[in-house]
Amino acid sequence: MRSQEFQRLFDESAQAALHRLGTVEFAPDADRTVVPHTAGDRYDVLVTSWSTAPFSATAVRGGRLRLAVHAAGSVRKLFPPELLDGDLRLCQGGAAPMAVAVAEMSVTLTLMLLRNVQIHDRGLQTTRDWQRSGHGMLGHGVHGRRIGVVGLSRVGQAYVRMITGLGGQGVRAYDPYASAGSAADLGVELTGLDDLCRTSDVLAVCAPATPQTHHLVGADQLRLLPTDAVLVNAGRSALVDQEALTAELVSGRIRAGLDVFDAEPLPAEHPLYGLENVVLTPHVAGGTVEARFGQGAEVVAEISRFLRGEDLEHEVTQAIYNRLA
């Protein structure tokens with residue numbers, strides 16, 4: 001990875017711990033760092049991140065390399081599934097720390113919309129008039145809203161823990177991969193997607209983007225949402241039919257907090273701009289100082305577990321590869 005990226009992911013403590021584990025070598029600093037074609041025979045552990053350029057699978061096949069840890073989220077664009085057929089073990093080192101940050105942003109957007117923060121702020125900033133800024137307008141509390149979660153992923157689970165910690169009750173979720181037992185441990189009731197949409201005052205979209213989840217929340221599901229419902233998506237735009245969502249938001253029937261979009265940056269002429277019932281952020285949900293340093297710390301922890309012969313906490317296997325973002 002680029003040296004600047006390394007500094008943002010590994011604080012001084014993580015850097016020192018990494019160097020204690022062995023000899024650390026860096027790829028030449030460039031916009032896209034390249035995995036050497038001899039990596040499989042030269043190194044024991046490979047650490048990649050966003051700035052790693054796509055590489056040939058033969059580069060990581062060899063007599064020495066046994067562990068690759070991705071210090072970001074998705075491994076799909078770098079590591080094809082056939083690599084997992086051999087001796088190489090693959091881990092996501094960045095997904096868990098970023099999941100907490102994405103869940104925090106999802107909760108933030110939820111609260112902003114329930115409490116009409118964007119209306120009050122925009123009104124007060126532009127008019128400086130107490131009454132025209134919504135003085136006296138009543139919002140909603142978390143504890144009084146029906147909360148629905150699409151996907152009990154890492155993000156979904158973190159969102160549930162945070163929103164229930166704020167007083168959310170009776171949270172329901174849709175996730176075909178979740179067991180009733182695991183959902184119950186979170187205090188969540190599982191239900192079908194259409195039923196979830198029909199009965200949610202807040203719908204947080206937290207599932208990973210895969211071919212199977214493309215437009216999971218489509219026009220039909222959006223129409224089922226109660227009037228004035230809040231939809232939050234800080235994960236991946238592909239989960240929701242953006243054209244259908246835009247139509248609902250332009251009509252004013254529902255509200256939304258969005259951090260992700262089909263086209264990024266969001267085009268300047270897009271109809272989502274200027275809507276009173278929408279909060280927009282520029283794909284920043286996973287980006288906190290704590291999450292970034294958490295990614296580096298998790299990479300070091302996973303390598304340490306591997307060297308001690310312990311179970312890996314974030315291993316990517318053939319069984320779950322196609323379910324990951």
Side-chain angles (χ1 to χ4, degrees), residues 1-84 86-102 154 283-317 321 324-325:
M1 66 185 74
R2 295 194 305 266
S3 59
Q4 182 182 14
E5 191 170 44
F6 179 76
Q7 296 297 329
R8 293 189 71 184
L9 295 174
F10 294 79
D11 62 15
E12 291 184 3
S13 175
Q15 290 184 35
L18 189 65
H19 283 279
R20 286 196 297 270
L21 294 178
T23 303
V24 180
E25 293 186 10
F26 293 89
D29 214 16
D31 287 341
R32 297 287 279 171
T33 55
V34 178
V35 175
H37 68 279
T38 57
D41 289 316
R42 289 177 58 191
Y43 300 104
D44 302 292
V45 177
L46 173 68
V47 180
T48 57
S49 194
W50 289 292
S51 62
T52 309
F55 52 83
S56 168
T58 58
V60 293
R61 287 197 175 106
R64 187 164 183 172
L65 187 66
R66 291 294 176 266
L67 177 68
V69 186
H70 190 52
S74 176
V75 300
R76 284 171 171 269
K77 293 181 180 179
L78 284 180
F79 296 90
E82 55 266 25
L83 280 178
L84 303 180
D87 295 327
L88 181 67
R89 299 177 72 180
L90 174 62
C91 298
Q92 284 183 318
M98 282 195 294
V100 174
V102 174
R154 291 186 184 99
H283 202 144
V284 295
T288 65
V289 172
E290 292 79 11
R292 290 292 182 265
F293 284 152
Q295 291 169 239
E298 196 52 53
V299 168
V300 174
E302 199 76 323
I303 296 172
S304 298
R305 285 187 281 265
F306 173 78
L307 295 177
R308 293 193 299 265
E310 298 173 359
D311 291 339
L312 300 175
E313 290 191 5
H314 307 293
E315 186 167 11
V316 177
T317 64
Y321 182 93
L324 297 175

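Side-chain atoms are counted along with the backbone in the values below, which use heavy atoms only and exclude waters and symmetry mates. Model, not experiment: these values are computed from the prediction.
No more than 12 heavy-atom neighbours from other residues, nucleotides or ligands sit within 6.0 angstrom of CD on Q4.
Counting only heavy atoms from C-beta outward, the side chains of F79 and T48 approach each other to under 4.5 Å. Side-chain contact between F26 and M1: absent, with no pair of heavy atoms (C-beta onward) separated by less than 4.5 Å. When side chains are defined from C-beta on, R2 counts as touching T33, because their heavy atoms get closer than 4.5 Å. Using a 4.5 Å cut-off on side-chain heavy atoms (C-beta onward), V34 and F55 make no contact. Between P54 and R32 there is a side-chain heavy-atom pair separated by less than 4.5 Å. Between W50 and L9 there is a side-chain heavy-atom pair separated by less than 4.5 Å. Proximity of L83 to L90: side-chain heavy atoms (C-beta onward) are nowhere separated by under 4.5 Å.
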Discussion item. Between L88 and R61, is the side-chain contact (heavy atoms from CB on, under 4.5 Å) condition met? List the steps.
Written reply: CA-CA 8 Å; L88 181 67; R61 287 197 175 106; over 6 Å; no
Practice prompt. Run the numbers on H37 and T58 for side-chain contact (heavy atoms from CB on, under 4.5 Å), then give the verdict.
Written response: CA-CA 7 Å; H37 68 279; T58 58; over 6 Å; no
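Residues T317 and L84 share a closest heavy-atom pair of C-CD1, 3.8 Å. Minimum interatomic distance between G94 and P97 (heavy atoms only, all atoms of both residues): O-CD, 3.4 Å. In plain terms, the two heavy atoms of E315 and C91 that are nearest each other are CA-SG, 3.9 Å. Heavy atoms only, all atoms of each residue included: A96 and R154 are closest at CA-CD, 3.8 Å. Closest non-hydrogen pair, P36 versus A59, comes out as O-CB, 3.6 Å.
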Donor-acceptor pairs under 3.5 angstrom involving side-chain atoms of residues 12-23: please list them, not counting sequence neighbours.
residue : atom : partner : partner atom : Å
Q15     : NE2  : Q7      : OE1          : 3.1
Q15     : NE2  : F10     : O            : 2.8

Throw together a table of side-chain donor-acceptor distances under 3.5 angstrom for residues 295-302, partners on residues two or more places apart or in other chains.
residue : atom : partner : partner atom : Å
Q295    : OE1  : R292    : NH1          : 3.1
Q295    : NE2  : A71     : O            : 2.9
E298    : OE2  : R305    : NH2          : 2.5
E298    : OE2  : H314    : NE2          : 3.2
E302    : OE1  : R305    : NE           : 2.8
E302    : OE1  : R305    : NH2          : 2.7
E302    : OE1  : E313    : N            : 3.2
E302    : OE2  : E313    : N            : 3.2
E302    : OE2  : H314    : N            : 2.7

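Distance alone, capped at 3.5 Å, places no donor-acceptor pair between the R76 side chain and the P81 backbone. Side-chain atoms of T288 come within 3.5 Å of backbone atoms of A291 as a donor-acceptor pair (strictly under, hydrogens ignored).
A salt bridge is defined here as a Lys NZ or Arg NE, NH1 or NH2 lying under 4.0 Å from an Asp or Glu carboxylate O, and R64 with D44 meets this definition.
If you take CZ on R89 and CG on L312, they are separated by 4.0 Å, rounding to the nearest 0.5 Å.
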